Peer 1: 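Input: one structure, supplied below.
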Amino acid sequence: MVNTDKASESRRVASSDDLEVSAYLEIAQEKGSATSGPEGSLDATREAVLVVDFGSQYSLLIARRVRECNVYSEIVPYDAPWEKVAHLKPKGIILSGGPASVYDADAPLAPPWVYEQGIPVLGICYGMQVLSHQLGGQVAPTKTREYGHAVLYQNVAEHPLLEGLPPSMPVWMSHGDQITSLPPGFQSLAYTDSSPVAAMGSDSGFYGLQFHPEVVHTPQGTALVRNFLFNVCGCTGSWTPGNFVAESLQRIREQVGTGQVICALSGGVDSAVAATLVHQAIGDQLTCIFVNNGLMRREEPERVDRTFRQHLKMNLIHVDAADRFVDQLEGVSDPEEKRKVIGETFIRVFEDEAKPLGQVDFLAQGTLYPDVIESQTPDNKASAKIKTHHNVGGLPKHMSLQLVEPLRYLFKDEVRQVGLELGLPEEMVNRQPFPGPGLAIRIIGDVTREKLEVLRSCDWIVMDEIKYSNLYHDVWQSFAVLTDTRSVGVMGDFRTYGHVVAIRAVTSEDAMTADWARLPYDVLAKISSRIVNEVPQVNRIVYDITSKPPGTIEWE
Ligand code: XMP
């Protein structure tokens, strides 16, 4: 799929859309339920390129770059046996970088199938060194680790891997070892000041790059990846949102058969797209459950109802459980405790609603690829963080559902493209992330009905002004926080003693890090004056100018 939206490139709302549903994912997995995936039912015409992962922080990025060229890509561990990956019928293999040195005692090396299947191979950084090492070349440590920008000079007049690239171009390096002697049958294709072999190739379909074409600091990197895919592997770029949808519909039908499926809609993009795909595949075999937890933005429950029941004609159970949630939250002011209460209450409500449906076989949900990868990497710090957000709620004792996860292999921006392809409203597909526990974690201290109403009014104004100023898509999130501080003010001739509201707006690529958005002063001024004028309980507005780290995006 072509990713044209730079801002949303790595937009991965780690946890925002499907908080509660994720609890079910863990449950179902613990119960050993099946998860959907391409195994065994892949469209034979789909072109796939494998990224063999040696532990690089950029493996996901490599897969992203390949997919940007409309070629499907999946990441597999370096020790995956051929039987586990053969169903993908790869047309190319990319060996990722990694922190090891090929001479480490337990250095991860490529499995034999990488060399035996006759499939073109591109090694990147450590992946190149692995190729060289295993094919008879020499790799040795550099005197000093080469890190950062370098200029790549081509050695060859013409080469399919370098087609259309300038004779010299900036690239980004990060390595401690380098090739000192090429394996037999290889030629050096390019060099940098510090690396005599910065790119290499052989006639038998093996290529290596010492630099990282997948990072933005190598501006022509995607062109290089494209050359590998199209000129070397013979891919045609047929992986498009339309083809993905057609393929998914077929796969969902195969998996579900005549079974009954439930799906919890959160109002977020992921569950919306997953439900829509499943609905298009199996129609009324799907029942969606939307729980209004009373912690949503103004008009949000109505919007979800309108979209899914009226517009998309889905079976929708709309549960107004606002009182149940708010009652449960009474007196709870600790952020993690709030999450726990909300998660547990959700599970109970969901169970109550699912019971009368009778036999249900499947749970559809919008798990995304980065979450799948992160959950496969237990020592990944990012995954620990996301888990914290998800780790809410207890386990329903009796439910044993198989998972339908049509988005399991997609990145966030691909999900958005699929959403548009399915005809979901643009406004829903490109909405800013909203956390599962909703406004409860934007009210500092205990949550009451009155405070929720105050915050909803402030939030409405923030959204209104941000949208009016055309800033909605420029910022990652923008919202109001009801602090637990009150301050003295003056209105007309009267003293006021009201709430202090903080405005938070951040820019971010992936929510893992963020910066406070430099909103124009006049937009801030408008937000401030509207809130203090329109929301009587509030008399002071402050703007949060903390980045993440050390702050977090949400206040709780
Ligand atoms: P923080 O506050 O950790 O947030 O910087 C990062 C992203 O995650 C969202 N977030 C949550 N999403 N449940 C969710 O579904 C949660 O408990 C939760 N806490 C934070 C936050 O809105 C931001 O997009």
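Everything numeric in this text was worked out from a predicted model, so none of it was measured. Just so you know, these numbers use all the heavy atoms, side chains as well, and skip hydrogens, waters and symmetry mates. As the structure lists them, so they are numbered: ligands from 1, and atoms in each ligand from 1.
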Peer 1: Got a sec, which residues hit ring pair (Phe, Tyr, Trp, His ring centres under 6.0 Å) with Phe290, two or more places apart in sequence or on another chain?
Peer 2: His318

Peer 1: Find all atoms of ligand 1 within a distance of less than 4.0 Å from any non-hydrogen atom belonging to Pro437, and give their numbers and elements.
Peer 2: 13 (N), 14 (C), 16 (C), 17 (O)

Peer 1: Report, in ascending order of atom number, the atoms of ligand 1 lying under 4.0 Å from any heavy atom of Thr552.
Peer 2: 1 (P), 2 (O), 5 (O)

Peer 1: Within a distance under 4.0 Å of any heavy atom of Lys548, pick out the atoms of ligand 1 and give their elements.
Peer 2: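 The atoms of ligand 1 under 4.0 Å from a heavy atom of Lys548 are 1 (P), 3 (O), 5 (O), 6 (C).
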
Peer 1: If the condition is salt bridge (charged side-chain N to carboxylate O under 4.0 Å, His left out), which residues does Asp327 pass it with, not counting sequence neighbours?
Peer 2: Arg449

Peer 1: Distance only, no hydrogens: is a donor on one side chain within 3.5 Å (strictly under) of an acceptor on the other, for Thr507 and Asp474?
Peer 2: no

Peer 1: List every atom of ligand 1 that sits less than 4.0 Å from any heavy atom of Trp476, numbering the atoms from 1 in the order shown and giving each element.
Peer 2: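 The atoms of ligand 1 under 4.0 Å from a heavy atom of Trp476 are 24 (O).
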
Peer 1: Relative to each other, are the rings of Tyr369 and Tyr409 parallel, tilted or perpendicular (30° and 60° limits)?
Peer 2: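 Plane angle between 30° and 60°, so tilted.
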
Peer 1: For ligand 1, which is the ligand I care about here, please tell me if Pro433 has any N or O atom under 3.5 Å from one of the ligand's N or O atoms.
Peer 2: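 No.
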
Peer 1: Any nitrogen or oxygen of Phe434, main chain or side chain, under 3.5 Å from a nitrogen or oxygen of ligand 1?
Peer 2: no

Peer 1: Just checking, Arg67 and Phe411: is the charged tip under 6.0 Å from the six-membered ring centre and within 45° of the axis?
Peer 2: no

Peer 1: Which residue from Gln432, Glu556, Glu554 reaches closest to atom 21 (C) of ligand 1 through any of its heavy atoms?
Peer 2: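 Nearest heavy atom to atom 21 (C) of ligand 1 lies in Glu554.
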
Peer 1: State, yes or no, whether a side-chain contact exists between Asp544 and Trp555 at a heavy-atom distance under 4.5 Å.
Peer 2: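 Touching, per the 4.5 Å side-chain cut-off.
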
